Every structure is written in structure tokens, then in C-alpha cells.
Chemist: 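Just passing along the structure, written as C-alpha cells.
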Amino acid sequence: MNDKADLKKSAGNEPEEQIQIPLADLIKTRVDKSKELKQLGIDPYPASYKRDHLVRDILSDFDTFVSKETVVRIAGRIRLKRKMGKVFFADLYDSSGRIQLYIKINNVGQECFDLFNSVDLGDIVGCEGTLFVTRTGENTLSATSVTMLAKALHPLPDKHSGLADKEIKYRRRYVDLIMNEEVRDTFRLRTKMISLIRNYLNNLDFLEVETPVLQPLYGGGNAKPFETHHNRLDMKMYLRIADELYLKRLIVGGYDKVWEFCKDFRNEGMDRLHNPEFSMIELYWAFADYNDMALMFEDMLRHLVFEMHGTYKIAYGDHEIDFEPKFKSISMIDSIKEATGLEMMDMSFEDAKAAAVDMGIEDDVLINWGKTVEAIWEKKVEPNLIQPTFIIDHPVEISPLAKRHSDNERLTERFELFIGGGEMGNAFSELNDPIDQLKRFLQQGKAMEAGDDEAQPLDDDFITAL
RNA sequence: GGGGGCGUAGCUCAGUGGUAGAGCUCCUGCCUUUUAAGCAGGCUGUCGAUGGUUCAAGUCCAUCCGCCCUCACCA
């Protein structure tokens with residue numbers, strides 16, 4: 001924990017000094033061991049090792065490996081080590097799992113036994129041998145040779161309590177990945193999900209594109225941007241907060257279906273669920289309205305959940321979420337009525353505001369009818385949307401890029417999907433009337449002047465495109 | 001930004017004014033099927049930083065730094 005301060009102190013020193021300051025003694029013994037290996041002519045960091053099996057492959061067909069006395073070569077990190085006289089037991093972890101090693105002096109010889117004696121927890125080793133089952137019934141690899149592949153100079157977190165320091169967990173993700181299998185699984189699952197989405201959209205003839213991250217003007221969402229500067233052009237630039245306006249330009253240009261896996265940047269407060277740098281997917285579909293979009297989105301999610309988990313039901317916190325039934329769909333206005341009895345459509349801005357203040361909502365966000373509806377909805381409805389639920393037809397004031405509803409011009413043709421109390425997606429019949437779009441931008445401009453630093457600036461080129 | 005909490009050995013944590021501790025790690029020895037191996041012995045601290053109160057501060061006070069939780073805002 002104090003490494004940070006210590007590293008600051010040692011800034012500018014030689015690397016060797018830097019690492020000796022924080023963990024002096026523990027690291028020194030490991031560095032010494034590393035030097036001893038070199039003196040014996042053993043490279044503590046060899047370039048390669050020809051392994052021929054993953055741990056998972058061995059364990060999944062263990063009996064066959066035992067009966068055929070197959071010689072296998074594996075490689076991985078030593079996480080636990082138990083010495084018993086002239087015998088070692090150790091737990092080796094590779095990317096696929098854990099297996100116990102058995103290193104007996106009679107089998108590996110004095111030299112190799114001594115080498116393994118100097119192995120520290122955290123070192124990466126290669127191991128060749130055959131398989132057997134111990135007296136206590138554990139599937140084990142009996143080594144015929146052990147090779148040092150990478151000497152670890154820092155000790156691992158406590159073998160019993162694991163990595164408890166959240167700061168290290170997030171700042172040094174690699175330590176968390178070493179210690180916690182489920183973290184590795186989470187990352188794998190994320191990659192699988194992206195791949196499934198890509199295949200799904202490809203199959204529907206959506207064209208995957210890339211649009212600018214560095215933009216002269218930001219837009220497509222309500223957020224504060226990161227600012228940067230282009231030296232040669234001597235020009236202020238922004239990191240994108242959304243790719244929406246660029247994807248829509250592509251629709252204007254003649255593509256029917258486009259999408260992007262998009263890394264965005266928002267200069268706002270951060271917490272466990274909000275990273276300044278985050279990823280999202282946006283897709284645009286010409287001639288389709290928000291009902292078409294909702295049907296596709298629902299189908300895609302149901303497909304993803306099943307492909308990733310093999311079931312439609314997944315555990316989330318204290319809840320089980322079921323993706324199999326048709327998702328519920330209710331308008332924002334009706335959902336408020338259901339939860340509170342209030343009929344927002346019949347209420348003026350003043351009445352709505354009074355009702356919101358009664359609920360304990362701070363009145364500085366209540367700047368118009370739509371914002372007030374949203375605030376009430378967020379307080380009374382959103383947290384309870386555990387099972388997949390489409391909320392549709394949002395007020396126009398909170399949806400500057402959405403087309404007005406064909407039945408009611410105070411509302412828009414828009415949906416957001418909520419699962420587990422959080423938003424999972426947002427879509428609308430896109431506003432394609434350039435005159436109305438210009439009005440909405442001008443409205444946003446007023447909001448910006450009024451101090452709303454998340455309002456969107458006017459994008460002339462986008463209006464021209466429409 | 002508001003409110004609450006935390007910071008002591010490499011790791012996890014005890015220690016509420018009077019000689020800085022435990023378990024694990026690490027080092028030494030014994031132990032040829034152990035598994036949080038065991039047994040015996042040993043090393044390890046700017047108690048987050050600075051200032052103050054006190055005969056005496058890890059402990060009380062102030063300021064600062066860092067982190068966590070929570071509320072507000074957002075995805």
C-alpha cells in the first residue's frame with residue numbers, strides 16, 4: 001500500500017534502487033535467488049518453453065493420461081508450495097485451471113530438486129511429467145523435470161485472504177487477474193459477448209463502421225466532454241461522447257444499416273458503474289421505427305443470454321432475471337400512473353413540479369414539464385424495473401434527437417430498456433426533420449446558456465446532412 | 001461537490017494515553033503421497049504526512065494526502 005509513496009520518493013533513481021525501496025527484504029531474497037540461477041547458467045527469464053498441454057485438457061481426460069503414462073509439458077504460475085522432506089507438492093495455475101505438481105528428488109534429481117526448492121510463490125515454471133492420483137485422491141502431475149520460466153520478484157497477496165485491497169484490485173488489475181479466476185472469466189465473457197453481437201448484427205446485414213473519436217464538435221448525448229488540442233491545426237478538439245451524429249450521416253449517405261462498437265469519453269463523476277472511458281454500441285436502421293428496433297433488441301438480448309449462459313434465467317444480486325418471456329412494455333407516463341396514481345398528461349408544469357417537490361426531489365432539476373416527469377419516474381419507477389421492461393414514449397424535452405410521437409407532440413417515439421434497475425439500451429424513431437432538429441439544437445443552446453453544461457452544441461453540418 | 005468510514009510488518013488485521021502485536025509470507029532446521037501440510041527456531045515497522053496537547057501519542061486535537069462506502073449527476 002505504501003509502494004506508491006515510496007516509488008514517488010525514488011523517482012529518478014535507477015530501476016534497481018526503485019524496486020529495492022518498497023519491499024526491500026522480500027525482493028532482495030528473490031533478486032538474490034535470480035542471480036544465483038544466472039551463476040548456475042540458468043536463465044531466470046528464458047524466451048520460450050514448448051508446452052504441449054493445458055491443465056484443463058489434462059484434467060478433463062485424466063484417466064486416459066494416467067493409463068497411457070502420457071508425458072506432458074505444462075507451464076504456469078506456482079501459487080502454493082508444500083515441502084515434505086525430499087518431496088514437494090505445489091499448485092500450478094495456467095490460463096485454463098489448476099493442477100497439483102509432485103516433485104520427488106528420486107524422480108527429478110538433486111539439481112532440479114534444488115531449483116524447485118528456490119522457486120517462490122508467484123514464479124512461472126514449466127513442468128514435464130506423467131499423471132497419477134495421490135493417496136488422498138488428488139489428480140497430480142509427477143514431475144520428471146522443472147524449468148524456471150519467469151522469476152517473480154514481488155510476493156503474491158496472502159494465500160489465505162487473497163487480494164482484499166480494492167485500490168490494488170483496480171489499479172493493478174493484473175494482480176486481481178492472477179488471484180481471482182472469476183475476474184478472468186468476466187473478461188472472457190465480455191469478449192464473447194462482443195463477438196456474439198458482431199455475428200448477430202452481421203447476419204442481419206448491419207455494416208460495422210468506425211467513426212471519428214477526435215471531433216471538432218461533440219454531440220449525440222448529454223454529457224461534458226474531454227477537451228484536447230490539435231497542435232498543427234491549432235484547434236480545440238473533443239473526445240467523442242457518442243458516435244450518433246456520425247452514424248446518422250452514414251445513413252444520410254446511403255447505407256441502410258450501420259453500427260459501431262464505440263469507446264466514448266465523458267468528463268463526469270465516476271463510480272463503480274461509471275468510467276470516464278466506456279464502451280457502447282450504437283446502430284442505425286433506415287426506414288425502421290422504434291417498434292422494429294425494440295423487437296430486434298429484445299431478440300438479440302435473448303439470444304445473447306442463452307449463448308453465453310446456456311439458459312434464459314440469470315442471477316443478478318438477489319434477483320433472478322428471466323429473458324425468455326416477452327419483455328414488458330409500458331409508456332413512461334403510464335408507469336408513473338401505475339406507481340403513484342398521478343396522471344402526468346393532465347398536469348401542468350407547475351402541478352407536476354409541486355408533486356415532485358412533495359416527493360423530496362430537489363427543484364433545481366425541475367426546469368420544465370418533461371424534466372419533471374423524468375425526475376418523478378426515476379425516483380418512483382426505475383429502481384423497481386428488475387425484469388426486462390421497455391419504457392416508451394418519453395417527453396420531448398428530454399429527447400432532443402428523437403422524432404415526435406405521431407399521436408402526441410409532447411412525447412417522442414422512444415424506448416429505453418431496463419433490467420435489474422438499470423438502463424441497458426435506449427432507442428428512438430430518429431428525428432429526420434431538419435427544421436425540427438434545428439429547433440431542438442437551439443433549445444439545447446438555451447439550456448447551455450442557462451447553465452446546463454451537459455447540453456449539446458449546435459452541429460451545423462449535421463443539420464445540412466439531414 | 002455533500003455525508004459517513006478507513007490508513008499499524010510484504011499480505012490480512014488486532015492494539016482507546018504508559019516497553020509496537022498475531023496469523024500468513026520470508027529465512028534456518030526436521031520430515032519421500034501433502035494440500036490454508038505439520039513441527040522447532042528466527043528476521044521484519046517513518047503506526048499515511050505535518051503540526052499541536054501531554055511527563056508520555058499508534059491512541060487525543062488540527063490541517064493535509066490517499067482510499068472505500070453513500071447521496072447528487074450520468075451510461
Side-chain angles (χ1 to χ4, degrees), chain A residues 1-6 8-9 19-33 79-92 98-108 113 117-118 120-122 132-142 152-171 175 179 220-225 241-242 244 262-282 360-362 364-365 371 374-375 378-379 382 398 416-418 422-426 452-454:
Chain A
M1 198 181 314
N2 293 325
D3 297 8
K4 221 173 344 128
D6 291 333
K8 269 184 209 153
K9 256 184 252 168
I19 57 173
Q20 284 185 9
I21 290 166
L23 306 171
D25 290 342
L26 289 172
I27 288 187
K28 187 174 183 306
T29 61
R30 290 176 176 230
V31 170
D32 288 346
K33 284 179 182 178
R79 289 265 302 274
L80 279 176
K81 199 173 124 180
R82 302 174 283 282
K83 187 178 184 182
M84 243 193 75
K86 305 296 183 192
V87 166
F88 282 105
F89 290 90
D91 291 359
L92 177 146
R98 182 201 77 99
I99 192 168
Q100 177 168 264
L101 303 183
Y102 177 68
I103 290 112
K104 184 156 82 163
I105 192 164
N106 306 26
N107 293 346
V108 299
F113 190 80
N117 191 37
S118 78
D120 293 301
L121 303 187
F132 78 110
V133 181
T134 64
R135 198 181 283 163
T136 50
E138 177 153 359
N139 295 347
T140 302
L141 173 65
S142 175
L153 301 183
H154 282 260
L156 289 175
D158 188 277
K159 70 183 179 189
H160 181 213
S161 51
L163 178 61
D165 188 320
K166 287 185 182 167
E167 185 178 358
I168 293 177
K169 195 176 167 67
Y170 292 118
R171 288 230 169 124
V175 180
M179 299 304 291
N222 292 96
K224 287 168 79 171
I241 60 169
E244 174 159 354
C262 177
K263 181 153 270 189
D264 295 316
F265 307 85
R266 297 190 179 179
N267 208 343
E268 297 169 349
M270 55 193 288
D271 57 42
R272 193 169 53 86
L273 299 174
H274 296 89
N275 202 8
E277 159 180 349
F278 69 102
S279 299
M280 66 177 174
I281 285 169
E282 290 200 34
I361 297 169
E362 289 183 36
D364 55 344
V365 300
K371 279 271 193 185
E374 183 184 36
E378 280 176 354
K379 189 170 178 83
E382 184 180 14
I398 59 171
E416 289 182 289
L417 178 63
F418 290 83
E423 188 200 325
M424 291 297 135
N426 174 30
D452 182 355
D453 52 12
E454 291 183 353

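Bear in mind that the values here come from a model prediction, so they are computed numbers and not experimental data. First the proteins, then the strands, lettered A, B, ... as listed; each starts at 1.
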Chemist: Using centres under 5.5 Å plus planes under 30 degrees as the test, is Phe278(A) stacked with A75(B)?
Modeler: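 Stacking between Phe278(A) and A75(B): present.
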Chemist: RNA chain B: Thr136(A) or Lys371(A), which has the more 5' nearest nucleotide?
Modeler: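 Comparing both residues, the 5'-ward one is Thr136(A).
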Chemist: Does A37(B) have OP1 or OP2 sitting under 4.0 Å from an N or O in the side chain of Arg82(A)?
Modeler: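 Yes, such a contact exists.
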Chemist: Over all strands shown, is Lys81(A) touching base, sugar-phosphate only, or nothing at heavy-atom distances under 4.0 angstrom?
Modeler: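 No contact at all - Lys81(A) keeps every heavy atom at 4.0 Å or more from the nucleic acid.
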Chemist: Between U63(B) and C73(B), how far is it from one C1' atom to the other, in whole Å?
Modeler: 30 Å
Chemist: Any donor-acceptor pair under 3.5 Å joining the side chain of Arg135(A) to the base of U33(B)?
Modeler: no
Chemist: Say you pick atom C1' in G10(B) and the same atom in G45(B); how far apart are they, in whole Å?
Modeler: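 Straight-line distance between the two C1' atoms is 11 Å.
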Chemist: I'd like the C1' distance from G29(B) over to G48(B), given in whole Å.
Modeler: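 So the two C1' atoms sit 39 Å from each other.
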Chemist: Taking only residues two or more places apart in sequence or in another chain, which ones pass ring-ring contact (aromatic ring centres under 6.0 Å, His included) with Phe88(A)?
Modeler: Phe113(A), Phe116(A)
Chemist: Quick one: label Asn426(A) by what it contacts on the DNA or RNA (base, sugar-phosphate, nothing), any heavy atom closer than 4.0 Å.
Modeler: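 Nothing, no nucleic acid heavy atom in range.
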Chemist: Between Arg82(A) and Asp91(A), which heavy-atom pair has the shortest distance, and what is it?
Modeler: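 Where Arg82(A) meets Asp91(A) most closely, the heavy atoms are NH2-OD1, 3.1 Å.
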Chemist: Taking the P atom of each, how far is G7(B) from C13(B), in whole Å?
Modeler: 10 Å
Chemist: Heavy atoms only, 4.0 Å cut-off, all strands: where does Lys224(A) land among base, sugar-phosphate and nothing?
Modeler: nothing
Chemist: Determine the interatomic distance between P on G21(B) and the same-named atom on U53(B); round to the nearest Å.
Modeler: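 Approximately 29 Å lies between the P atom of G21(B) and that of U53(B).
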Chemist: Determine which nucleotide pairs with U63(B), using a 3.5 Å limit on both distances of a Watson-Crick or G-U wobble pair.
Modeler: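 Its partner is A49(B) (Watson-Crick or G-U wobble, both distances under 3.5 Å).
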Chemist: Once you apply a heavy-atom cut-off of 4.0 Å, does Phe132(A) come out as touching a base, just sugar-phosphate, or nothing?
Modeler: base
Chemist: Do Gln100(A) and U34(B) share a donor-acceptor pair, side chain to base, under 3.5 Å?
Modeler: yes
